[in-house]
*Asks:* 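There's a structure below that I have some questions on.
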Amino acid sequence: MALKADSRIELNDGHKIPVNGFGTYAPPSYSKEQAKEAVMAAIDIGYRLIDSASIYENEVEVGEGIRSKIADGTVKRENIFYIGKLWNNNHCPERVRPAVEKSLKDLKLEYIDLYLIHSPVEFKPGDDLFPQDANGKVIFHNTDIRETWKALEACKDAGLVKSIGVSNFNEKQVELILKMPGLKHKPACIEMECHIYLNQNKLLKFLKCHNIVPVGFSVLGSGRAPGWLEDQNAPKLLEDPVLNTIAKRLKRTPAQVAQRFLLQNGVVPIAKSFTPARIKENFNIFDFELSEKDMKDLDGVNKNMRYLSLKIWEESPKFPFHDC
C-alpha cells in the first residue's frame, strides 16, 4: 500500500489509526498554552493523530486545541485520533475508570480513541503522581497487570475508549496479557521508544505476529532541555552521518528521513515540536521513499540505545528495560 498523508492502519479491533502522529509532551520550561497552540497548528498542517497523557498535565489545553479546530470546521471529531495514557499510580483496577473519566473531563471529549497503560511500572496507588518514602525513593506497587487490563477492557466495553493498548512494555509483559485467561480484547497498539539507534527489530517481529501496531516515540532522538534528556552526553540522532548522507542525497531533512525509516518499517512515528515550521517539515514524509539499501544502511546504525532508560525505576519488580 502506498502511504499517503491521510492513510490509516486497521487495528486488530477494527478501528483505524493514522500512520503518523503529533506528540504533545514538553519539559516544564514550555507553557501549557503552547501545547494548545501547537495542537492547533498540527491539525491545520494535516496531523490527525494527537498523542498525550495525563502525566503531561496538559490535557485541558490539548483538548482545547482539538475542540477549537472542530469548532472552526477544520476537522470533525471522527477525523481526530487521540491517544491518552493511564499513569503509574492508577494501576489498581478500581482507579482505572476514574482516571479515564478524569482525562475525558479535562479534554471535554466524549471518548478517547486509544488508551494505553503508560508503563508496566506501578507506583503506590493514590493521588501522589510520584510517591516517595522518607529517603526520597519511589514507592512501587505490584498489582497484577492483568487485573489492570481487565479494568481497561471494561472501559472499552463501556464506550469510554475505542481501543486499548500498552506503552513501554517488553515482549514478556505483552505476552502476559495475550495469554491471560478470559482475555476479551487484545492490545491494539504498543507505544515504545523507537528510532534508528533503537530499531526494536526483535519486538517488531513479535508484534507483527500478534497483529499489534507499534507506535514510536523519541523518533528524532531527544531534545537537550533540562528534564527531557537523561544523558546529556548521548549522541545526537539527527547528526548521524549515515542519516545525513541519505538526507542530503534525497534533498530531505534528517528528521524526515528518520521518520520515513520507521514508517517503512511499519511503525507509526510520533514527532513533536512546538514550532509551526518544524511541525510542517515533520509532517511532510509522504512524497518520497527510501530504497532497500537506504533502509539497510539505517538499520545498520542501531545501537540498542535508549534516550529514555528510566533507570530511576529499575528497582520496580516490573521494570521493563533490563535488556539495554
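Keep in mind the model is a prediction, meaning the values are calculated, not measured.
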*Asks:* Have Asn12 and His210 got a donor and an acceptor in their side chains that come within less than 3.5 Å?
*Replies:* no
*Asks:* I'd like to check His91 versus Thr148 (side-chain heavy atoms, cut-off strictly below 4.5 Å). Are they in contact?
*Replies:* yes
*Asks:* Side chains of Leu220 and His195, heavy atoms from C-beta outward: is any pair under 4.5 Å?
*Replies:* no
*Asks:* Quick one: CD on Glu289 to CG on Leu263, what's the gap to the nearest 0.5 Å?
*Replies:* 9.5 Å
*Asks:* Would you say Met295 and Ile196 are hydrophobically clustered, going by side-chain heavy atoms of ILVMFWY under 4.5 Å?
*Replies:* yes
*Asks:* So, do Glu191 and Val166 sit near enough that their side-chain heavy atoms are less than 4.5 Å apart?
*Replies:* no
*Asks:* Does Glu122 come within less than 4.0 Å of Lys318, counting only side-chain N to carboxylate O?
*Replies:* yes
*Asks:* Can you check whether Leu308's main-chain N or O pairs, donor with acceptor, with Glu193's side chain at less than 3.5 Å?
*Replies:* yes
*Asks:* Enter the distance from Ile112:CD1 to Tyr82:OH here, rounded to the nearest 0.5 Å.
*Replies:* 6.0 Å
*Asks:* Can you tell me if Asp287 has over 12 outside heavy atoms packed within less than 6.0 Å of its CG?
*Replies:* yes
*Asks:* Which residues pass the ring pair (Phe, Tyr, Trp, His ring centres under 6.0 Å) test with His118, not counting sequence neighbours?
*Replies:* Trp87
*Asks:* Answer with yes or no whether the side chains of Asn302 and Asn304 bring together a donor and an acceptor at under 3.5 Å.
*Replies:* yes
*Asks:* Check for me, please, whether Leu109 and Tyr111 land in the same ILVMFWY cluster - side-chain distances under 4.5 Å, paths through other members count.
*Replies:* no
*Asks:* Within a strict 4.5 Å, meaning less than it, do heavy atoms of the Asp51 and Leu49 side chains meet?
*Replies:* yes
*Asks:* Please check if atom CD in Glu110 has more than 12 non-hydrogen atoms from other residues, nucleotides or ligands closer than 6.0 Å.
*Replies:* no
*Asks:* Could you go step by step and tell me if Ser103 and Glu59 meet the side chain to side chain donor-acceptor pair (under 3.5 Å) rule?
*Replies:* CA-CA 7 Å; Ser103 283; Glu59 285 192 305; 2.7 Å; yes
*Asks:* Identify whether the distance between the nearest side-chain nitrogen and carboxylate oxygen of Asp13 and Lys156 falls below 4.0 Å.
*Replies:* yes
*Asks:* Quick check: do Ile145 and Gln173 have side-chain heavy atoms less than 4.5 Å from each other?
*Replies:* no
*Asks:* Is there a side-chain contact between Leu298 and Leu290 in this structure, where contact means two heavy atoms from C-beta onward sitting under 4.5 Å apart?
*Replies:* yes
*Asks:* Taking Ser119 for the side chain and Val121 for the main chain, is one N or O donor matched with an acceptor at less than 3.5 Å?
*Replies:* yes
*Asks:* Applying the side chain to side chain contact (heavy atoms under 4.5 Å, CB included) test to Val39, which of Asp44, Ile66, Ile80 qualifies?
*Replies:* Ile66
*Asks:* Do we see a donor-acceptor contact under 3.5 Å between the side chains of Asn199 and Asp299?
*Replies:* yes
*Asks:* Is there a ring pair (Phe, Tyr, Trp, His ring centres under 6.0 Å) between Phe123 and Trp313 once you walk through the steps?
*Replies:* CA-CA 10 Å; Phe123 297 161; Trp313 297 352; 5.2 Å; yes
*Asks:* Given the rule that I, L, V, M, F, W and Y join up when any side-chain heavy atoms are under 4.5 Å apart, are Ile43 and Ile70 in one cluster?
*Replies:* yes
*Asks:* For Arg67, does the CZ atom sit with more than 12 other heavy atoms under 6.0 Å from it, leaving out its own atoms?
*Replies:* yes
*Asks:* To the nearest 0.5 Å, how far apart are SG in Cys189 and CG in Leu116?
*Replies:* 7.0 Å
*Asks:* For the residue pair Leu203 and Asn170, establish whether any side-chain heavy-atom pair is separated by less than 4.5 Å.
*Replies:* no
*Asks:* Can you tell which of Arg77, Arg8, Lys162, Lys16 makes a salt bridge (charged side-chain N to carboxylate O under 4.0 Å, His left out) with Asp113?
*Replies:* Arg77
*Asks:* Look at atom CD of Glu78 and say whether more than 12 heavy atoms of other residues, nucleotides or ligands are closer to it than 6.0 Å.
*Replies:* yes
*Asks:* May I ask you to check whether Arg260 and Gln264 show a side-chain donor-acceptor distance below 3.5 Å?
*Replies:* yes
*Asks:* In terms of hydrophobic clusters joined by side-chain contacts under 4.5 Å, are Phe261 and Leu250 together?
*Replies:* yes
*Asks:* Should we count CD of Gln132 as having more than 12 external heavy atoms under 6.0 Å?
*Replies:* yes
*Asks:* For Trp149, run the side chain to side chain contact (heavy atoms under 4.5 Å, CB included) check against Val96, Asp144, Leu176, Ile177 and tell me which one passes.
*Replies:* Ile177
*Asks:* Does Glu147 come within less than 4.0 Å of Lys150, counting only side-chain N to carboxylate O?
*Replies:* yes
*Asks:* Has Gln256 got a side-chain atom pairing as donor or acceptor with Asn284's backbone, closer than 3.5 angstrom?
*Replies:* yes
*Asks:* Determine, for Glu101 against Lys105, whether the closest basic-nitrogen to carboxylate-oxygen distance falls under 4.0 angstrom.
*Replies:* no
*Asks:* Output yes when a side-chain donor or acceptor of Asn89 lies under 3.5 Å from a complementary backbone atom of Phe130, and no otherwise.
*Replies:* no
*Asks:* Will you find, in the side chains of Ser52 and Asn58, an N or O donor that is under 3.5 Å from an N or O acceptor?
*Replies:* yes
*Asks:* Indicate yes or no: does Asp128 engage Lys124 in a salt bridge with an N to O separation below 4.0 Å.
*Replies:* no
*Asks:* Please round to the nearest 0.5 Å and tell me the distance separating atom CD1 of Ile139 and atom OG of Ser316.
*Replies:* 13.0 Å
*Asks:* Should Phe22 and Val60 be regarded as members of a common hydrophobic cluster, given that ILVMFWY residues are connected when their side-chain heavy atoms come within less than 4.5 Å of each other, either directly or indirectly?
*Replies:* no
*Asks:* Within a 6.0 Å radius of atom NZ on Lys280, are there more than 12 heavy atoms belonging to other residues, nucleotides or ligands?
*Replies:* no
*Asks:* Report yes if the side chains of Met305 and Pro235 come closer than 4.5 Å at any heavy-atom pair, otherwise no.
*Replies:* yes
*Asks:* With Lys303 as the cation and Tyr197 as the aromatic partner, state whether NZ or CZ is under 6.0 Å from the six-membered ring centre and within 45° of the axis.
*Replies:* yes
